[in-house]
Asks: 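Pasting a structure here, questions to come.
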Amino acid sequence: MSNRFSSVEEIVKFGFCMGCGLCAAPSLTQGKIEMSVDDLRRPRPKLHQPLSEHEERSIISICPGINVIADAKDRSGAAPDPVWGHVARLNLGYATDPAIRFRAATGGVMTALSMHLLRTGRVAKVLQVRPYPDQPLVAVPHVSTSPKEVLDASGSRYGPASPLTVVSQLLDEGEPFAAALKPCDIAGLRNLQRTEPRARDLIRFTMAMFCGTTPDLEPTLAFLDRSNVREEELVSYSWRGNGCPGPVRAETLDGRVAETTYNDLWLSAPFKAQFRCRICPDAVGELADIATGDCWPGGEPMGEDAGMNAIVAHTALGETVLAEAEAEAVLATHEYNLADLNAAQPHHVRLKQEVKDRLEAKYGAGSPRANFQGMRLDILSDQLSDEARAQVRAATIKRIESGATSETFEMPEVIKD
Ligand SMILES: Cc1cc2nc3c(=O)[nH]c(=O)nc-3n(C[C@H](O)[C@H](O)[C@H](O)COP(=O)(O)OP(=O)(O)OC[C@H]3O[C@@H](n4cnc5c(N)ncnc54)[C@H](O)[C@@H]3O)c2cc1C
Ligand code: SF4
Ligand code: SF4
């Protein structure tokens, strides 16, 4: 076997697919691929017809499952932080419009910036996701053209989503757009920009949330089960939002409402994540112009708060748009620092430290090699003790031998500086 990936099937088989949907974008593979779901309801590409050699090669070169490339040329200034990449600016902040701040996942930064980009004419559209009306646990791509649509697509969907299936349609339509998505989705857009001039021209701004994983649906389905709600009865479901973090809330067609807390959903039992999330070289969105996440010290909420984002501008463009949004009072910001960010995101620090050894275990077991460049995985791995690294490798090998396609996700202890 070659040590590089040679087909879409191999990307899926070896656990490098996270279901972004880019390979199913119609003009890339002429409709030969559509997204389907596997036995754990994770979106995966399904081939209807064999791809041509050219189509296969082009997908292999842009699939963000196996290609994540930090491009030093786009960056300026100081050396990148090992975990967070190039940090042009780091702040705490929130949407000054209380309706946005309250409704959104955290403080509404992605929503407020998306609206700002539309209002100022920098873009005509924003690519986001929204719940599928008949199956609210599933998210579908949504192209917002108005502030109302942007607000309707706010919040965090911790369920299946393949937002990049609509990218070729957006390029064909020829209007400038922004994307407010997960880091791996943004990596797919960056890969496309490397090979496709229209993507370079039309994708004008990218935002990503910090993304610990797209978890399997088990904890969500267990909550519905405990609440005597059948999935087919759902008319709406939110994992958070309407507060920070806000309730986990399920609503049924006949008007019943079931609620639990965010911590109860995720911390009552360890949850599982697809393998690609456990080897994610950029789960913090360093390829995006702006990345944003929570800032709860220790990594979990201690109760409800008003909603405050950590905001990392990674590019000069990100810095400019952030300054514009501050000047127009779209966002209010405060100072923040990397030590506090690490303490608020201990799982991201630990994940990134472990990626190299997980990958090495995977390659040792026969997997083709991914093209992850410029992600500082060696430096991060060296921060772990030999014993910790050996444990990571052993656990990964055990998982590969068991044949499981998901892995239990455990929150690490809080990182102290
Ligand atoms: C899968 C997932 C994992 C997360 N992991 C972390 C984490 O490790 N650490 C952390 O601090 N925060 C995590 N979050 C929460 C996230 O950080 C907050 O959503 C972030 O602070 C953005 O807040 P906001 O108020 O600016 O978002 P909003 O203004 O509500 O905007 C959110 C944007 O994200 C889009 N979106 C929502 N769900 C998805 C999805 N599944 N796929 C693609 N786009 C989506 C929405 O359409 C919208 O454009 C996660 C969220 C998700 C969906
Ligand atoms: S492009 Fe996206 S959906 Fe297709 S194989 Fe790669 S990760 Fe999976
Ligand atoms: S952890 Fe990485 S691969 Fe998994 S959903 Fe988040 S950004 Fe994508």
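Start at 1 and go down the list; that is how both ligands and their atoms are numbered. As the structure is a prediction and not an experimental result, all values here were calculated from the model.
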Asks: Are any of the heavy atoms in His347 under 4.0 Å away from ligand 1?
Replies: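 Judged by the 4.0 Å heavy-atom criterion, His347 does count as contacting ligand 1.
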
Asks: For ligand 1, which atoms have a heavy atom of Asp185 less than 4.0 angstrom away?
Replies: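 Listed by number with element, the hits are 43 (C).
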
Asks: Of all the atoms in ligand 1, which lie at a distance below 4.0 Å from a heavy atom belonging to Thr106?
Replies: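 Those qualifying, in numeric order: 18 (C), 20 (C), 21 (O), 23 (O), 24 (P), 25 (O).
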
Asks: At under 4.0 Å between heavy atoms, is it the side chain or the backbone of Arg103 that contacts ligand 1, or both, or neither?
Replies: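 Within the 4.0 Å criterion, Arg103 makes no contact with ligand 1.
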
Asks: Of all the atoms in ligand 1, which lie at a distance below 4.0 Å from a heavy atom belonging to Thr111?
Replies: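 Numbered from 1, ligand 1 contributes 28 (P), 29 (O), 30 (O), 31 (O).
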
Asks: Heavy-atom contacts with Ser154 under 4.0 Å: which atoms of ligand 1 show up? List them by number with element.
Replies: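 This gives 30 (O) as the contact atoms.
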
Asks: For Gly107, counting its heavy atoms only, list the atoms of ligand 1 lying under 4.0 Å from any of them.
Replies: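 Reading through ligand 1 atom by atom, the close ones are 25 (O).
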
Asks: Is it true that Met35 lies under 4.0 Å from ligand 2, counting heavy atoms only?
Replies: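 Distance cut 4.0 Å: Met35 passes for ligand 2.
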
Asks: Quick one: are the ring centres of Phe210 and Trp84 less than 6.0 Å apart?
Replies: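 Distance test on ring centres: under 6.0 Å, yes.
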
Asks: Which ligand 2 atoms are under 4.0 Å away from a heavy-atom of Cys17?
Replies: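 Every atom of ligand 2 under 4.0 Å from some heavy atom of Cys17: 3 (S), 5 (S), 7 (S), 8 (Fe).
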
Asks: Which of the numbered atoms in ligand 1 are below 4.0 angstrom from a heavy atom of Gly293?
Replies: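 Listed by number with element: 11 (O), 17 (O), 20 (C), 21 (O).
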
Asks: Report the nearest protein non-hydrogen atom to atom 13 (C) of ligand 1: residue, atom name, distance rounded to 0.1 Å.
Replies: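 Result for atom 13 (C) of ligand 1: Phe210 O, 3.0 Å.
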
Asks: Number the atoms of ligand 1 from 1 as they appear, then name those within less than 4.0 Å of a heavy atom of Gly212, with their elements.
Replies: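 In order of numbering, the contacting atoms are 3 (C), 4 (C), 5 (N), 6 (C), 7 (C), 8 (O).
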
Asks: Looking only at non-hydrogen atoms, which of Ala24, Pro43, Cys63 approaches atom 7 (S) of ligand 2 most closely?
Replies: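 Ranked by closest heavy atom to atom 7 (S) of ligand 2, first place is Cys63.
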
Asks: Hey, which atoms in ligand 1 end up nearer than 4.0 Å to a heavy atom of Ala153?
Replies: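 Close to Ala153: 46 (C), 47 (O), 48 (C).
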
Asks: Under a 4.0 Å threshold between the charged nitrogen and the carboxylate oxygen, would Asp264 count as salt-bridged to Arg226?
Replies: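 The answer is yes: the pair qualifies as a salt bridge.
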
Asks: Is it true that Glu196 and Arg200 make a salt bridge, defined as a side-chain N closer than 4.0 Å to a carboxylate O?
Replies: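 Salt bridge between Glu196 and Arg200, a charged N being under 4.0 Å from a carboxylate O: no.
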
Asks: Of the backbone and side-chain N, O or S atoms of Cys23, does one lie nearer to atom 4 (Fe) of ligand 2 than 2.8 Å?
Replies: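 Here the distance criterion (N, O or S atom, under 2.8 Å) is met by Cys23, so yes.
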
Asks: Verify the ring-centre separation between Trp239 and Tyr262: is it less than 6.0 angstrom?
Replies: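 Judged by ring-centre distance (under 6.0 Å), Tyr262 and Trp239 do not meet the cut-off.
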
